Asks: 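Before anything else, here's the structure in question.
Heavy-atom basis, side chains included; hydrogens, waters and symmetry copies ignored. Values in this document were obtained by computation on a predicted structure and should not be read as measured data.
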Amino acid sequence: MAEPVTATAARPTSRVARRRDRRKAEIVRTATELLAEHGYQGMNLEDVAERTDIAKATLYHYFSGKDELVATVIEALTVDVNRRLEAELDKVSDRSHLEQIRTLIREQVRILTDTAPEVATVFSWPTTWPESFQDTIKDSRRRHDAIFRRVVEAGLAAGEFDCPNPDVALQCLHGVLNQSSLWIRPSLPPEQKTELWEAVVDTASRMLSLENAVSRPSSGRR
């Protein structure tokens, strides 16, 4: 009969696993930075190794090559962004669908222009992705879109939204959000960024609800 594995015997293995996980996370963070700075074509494993201060050969203990590392970066960013959106959505789950979509818009703009600007730069390189990554990028966008689409479809079913074509509205909405990262720079003063975020929220949400457009104070013109 085999001897039971004791807690003492298991502890070193756990330390090794944790050390490996920390190193792998460091490699992914570094690759994310380089991918955001240079795009797919400009990123290489030599730079990843140099910036993480490890031998290039060591990278192959964690990833089979550049494409597996890049795929891991895309997945990590997708999961992180969607987690942030879902967390904010949970906070307003008992409110109107209009308030829910406004919350998603606000958080997405915050991510792109403040808390994780690397998301904007990584996903703004569509023409430089090789053909082998097209399905990966499409899947990432589909999963991201599904969060917004869920709220929009629920709002339409509840009669809160009145957009004639939700597919077009969502495409336009994502376009507005993506473009916001080009002019709301992370270096802007916090109060200016907040003001611009709210302006984007107000404008973008009007694509889904005419009620939202007319319920706010007018300028006095009729």
Asks: Counting only heavy atoms not in Gln171, do more than 12 sit closer than 6.0 Å to its CD atom?
Replies: no
Asks: Which atoms form the tightest heavy-atom contact between Val122 and Trp129, and what is the distance?
Replies: O-CZ2, 3.7 Å
Asks: Can you name the ring pair (Phe, Tyr, Trp, His ring centres under 6.0 Å) partners of His174, sequence neighbours left out?
Replies: His144, Phe148
Asks: Once you round to the nearest 0.5 Å, how far does CD1 of Ile27 lie from OG1 of Thr32?
Replies: 11.5 Å
Asks: Examine Lys138 relative to Phe133 and say whether NZ or CZ is less than 6.0 Å from the centre of the six-membered ring and inside a 45° cone about the ring axis.
Replies: no
Asks: Find out if a path of hydrophobic residues (ILVMFWY) with successive side-chain heavy-atom gaps under 4.5 Å connects Val168 to Leu170.
Replies: no
Asks: Please evaluate residues Arg149 and Asp145 with respect to the criterion salt bridge (charged side-chain N to carboxylate O under 4.0 Å, His left out), reporting the C-alpha separation (whole Å), side-chain torsions for both, the decisive distance (0.1 Å), and the verdict.
Replies: CA-CA 6 Å; Arg149 187 173 296 272; Asp145 175 76; 2.8 Å; yes
Asks: On the ring face of Tyr62, is Arg23 found with NZ or CZ under 6.0 Å from the centre and within 45° of the axis?
Replies: no
Asks: Can you sort out the partners of Phe161 under ring pair (Phe, Tyr, Trp, His ring centres under 6.0 Å), two or more places apart, ordered by chain and number?
Replies: none
Asks: Counting only heavy atoms not in Glu195 (residues, nucleotides, ligands), do more than 12 fall under 6.0 Å from its CD?
Replies: no
Asks: Salt-bridge test for Arg142 and Asp139: reply yes if a basic N is under 4.0 Å from a carboxylate O, no otherwise.
Replies: yes
Asks: For the atom pair CD1 (Ile111) and OG (Ser181), what is the distance rounded to the nearest 0.5 Å?
Replies: 12.0 Å
Asks: Would one find more than 12 heavy atoms of other residues, nucleotides or ligands at under 6.0 Å from atom CD of Glu50?
Replies: no
Asks: Ion pair present between Arg143 and Glu75, side-chain N to carboxylate O less than 4.0 angstrom?
Replies: yes
Asks: How far does CD1 of Ile101 sit from CZ of Arg150, to the nearest 0.5 angstrom?
Replies: 10.0 Å
Asks: I'd like to know if the side chain of Gln100 reaches the main chain of Arg95, judged simply by a donor and an acceptor atom lying under 3.5 Å from each other, with no hydrogens or angles considered.
Replies: yes
Asks: For Thr78, which residues count as a side-chain hydrogen bond (donor to acceptor under 3.5 Å, both in side chains) partner, sequence neighbours excluded?
Replies: Ser140
Asks: If you apply the rule side chain to side chain contact (heavy atoms under 4.5 Å, CB included), what do you find for His38 with Asn44, and how did you get there?
Replies: CA-CA 9 Å; His38 306 295; Asn44 59 68; over 6 Å; no
Asks: Show the nearest heavy-atom pair for residues Lys66 and Met43, with the distance to one decimal.
Replies: NZ-O, 2.7 Å
Asks: Applying a strict under-4.5 Å side-chain criterion to I, L, V, M, F, W and Y, I'd like to know whether Val119 and Val79 cluster together.
Replies: no
Asks: Any side-chain heavy-atom pair from Leu34 and Glu37 closer than 4.5 angstrom?
Replies: yes
Asks: Of all heavy-atom pairs between Asn165 and Asp167, which one has the smallest distance, and what is that distance?
Replies: OD1-N, 3.0 Å
Asks: So Pro166 and Glu153, do their side chains get closer than 4.5 Å, heavy atoms only?
Replies: no
Asks: Could you tell me whether Asp90 atom CG has more than 12 heavy atoms of other residues or ligands within 6.0 Å of it?
Replies: yes
Asks: Can you find a pair of side-chain heavy atoms, one from Val16 and one from Arg19, that are under 4.5 Å apart?
Replies: yes
Asks: Evaluate Ser96 against Glu160 for side chain to side chain contact (heavy atoms under 4.5 Å, CB included), listing each step before the verdict.
Replies: CA-CA 8 Å; Ser96 71; Glu160 286 187 43; 3.5 Å; yes
Asks: Ignoring hydrogens, what is the shortest heavy-atom contact between Tyr60 and Gly65? Give both atom names and the distance.
Replies: CE2-CA, 4.1 Å
Asks: Take Leu89 and Thr103, measure what side chain to side chain contact (heavy atoms under 4.5 Å, CB included) needs, and give me the verdict at the end.
Replies: CA-CA 7 Å; Leu89 193 56; Thr103 297; 5.6 Å; no
Asks: Check step by step if salt bridge (charged side-chain N to carboxylate O under 4.0 Å, His left out) holds for Glu88 and Arg106.
Replies: CA-CA 10 Å; Glu88 291 303 308; Arg106 184 179 296 108; over 6 Å; no
Asks: Could you pull out all residues at least two apart from Asp80 that satisfy side-chain hydrogen bond (donor to acceptor under 3.5 Å, both in side chains)?
Replies: Arg83, Arg84
Asks: How many angstroms lie between CE in Met207 and CG in Leu173, if you round to the nearest 0.5 Å?
Replies: 4.5 Å
Asks: Let me see the working for Thr194 and Glu191 under side chain to side chain contact (heavy atoms under 4.5 Å, CB included), right down to the final yes or no.
Replies: CA-CA 5 Å; Thr194 300; Glu191 60 276 9; 5.7 Å; no
Asks: Measure the spacing between CD1 of Ile74 and CG of Leu35 and express it to the nearest 0.5 Å.
Replies: 7.0 Å
Asks: So among Ile105, Leu104, Thr113, which one has a side-chain contact (heavy atoms from CB on, under 4.5 Å) with Leu177?
Replies: Ile105
Asks: Find out whether Gln108 and Val81 are in side-chain contact, i.e. whether some heavy atom of one side chain is under 4.5 Å from a heavy atom of the other.
Replies: yes
Asks: For Lys24, which residues count as a side-chain hydrogen bond (donor to acceptor under 3.5 Å, both in side chains) partner, sequence neighbours excluded?
Replies: none
Asks: Any chance you could measure Asn178, atom CG, to Phe123, atom CZ, to the nearest 0.5 Å?
Replies: 10.0 Å
Asks: Quick test of your reading of the model: are Glu26 and Arg29 salt-bridged, counting only N-O distances below 4.0 Å?
Replies: no
Asks: Locate the shortest heavy-atom distance separating Ala204 from Val176; write the atom from each residue and the value.
Replies: CB-CG1, 4.3 Å
Asks: Evaluate salt bridge (charged side-chain N to carboxylate O under 4.0 Å, His left out) for Arg51 paired with Glu33, printing each intermediate quantity in order.
Replies: CA-CA 10 Å; Arg51 194 172 289 191; Glu33 294 170 0; 3.4 Å; yes
Asks: Is it true that a side-chain atom of Thr203 and a backbone atom of Val200 form a donor plus acceptor pair closer than 3.5 Å?
Replies: no
Asks: Taking all atoms of both residues into account, what is the closest heavy-atom pair of Ala169 and Leu208, and its distance?
Replies: CB-CD2, 3.7 Å
Asks: For Gln192, enumerate each residue passing the side chain to side chain contact (heavy atoms under 4.5 Å, CB included) test, keeping only those at least two apart in sequence or located in another chain.
Replies: Leu188, Pro189, Leu196
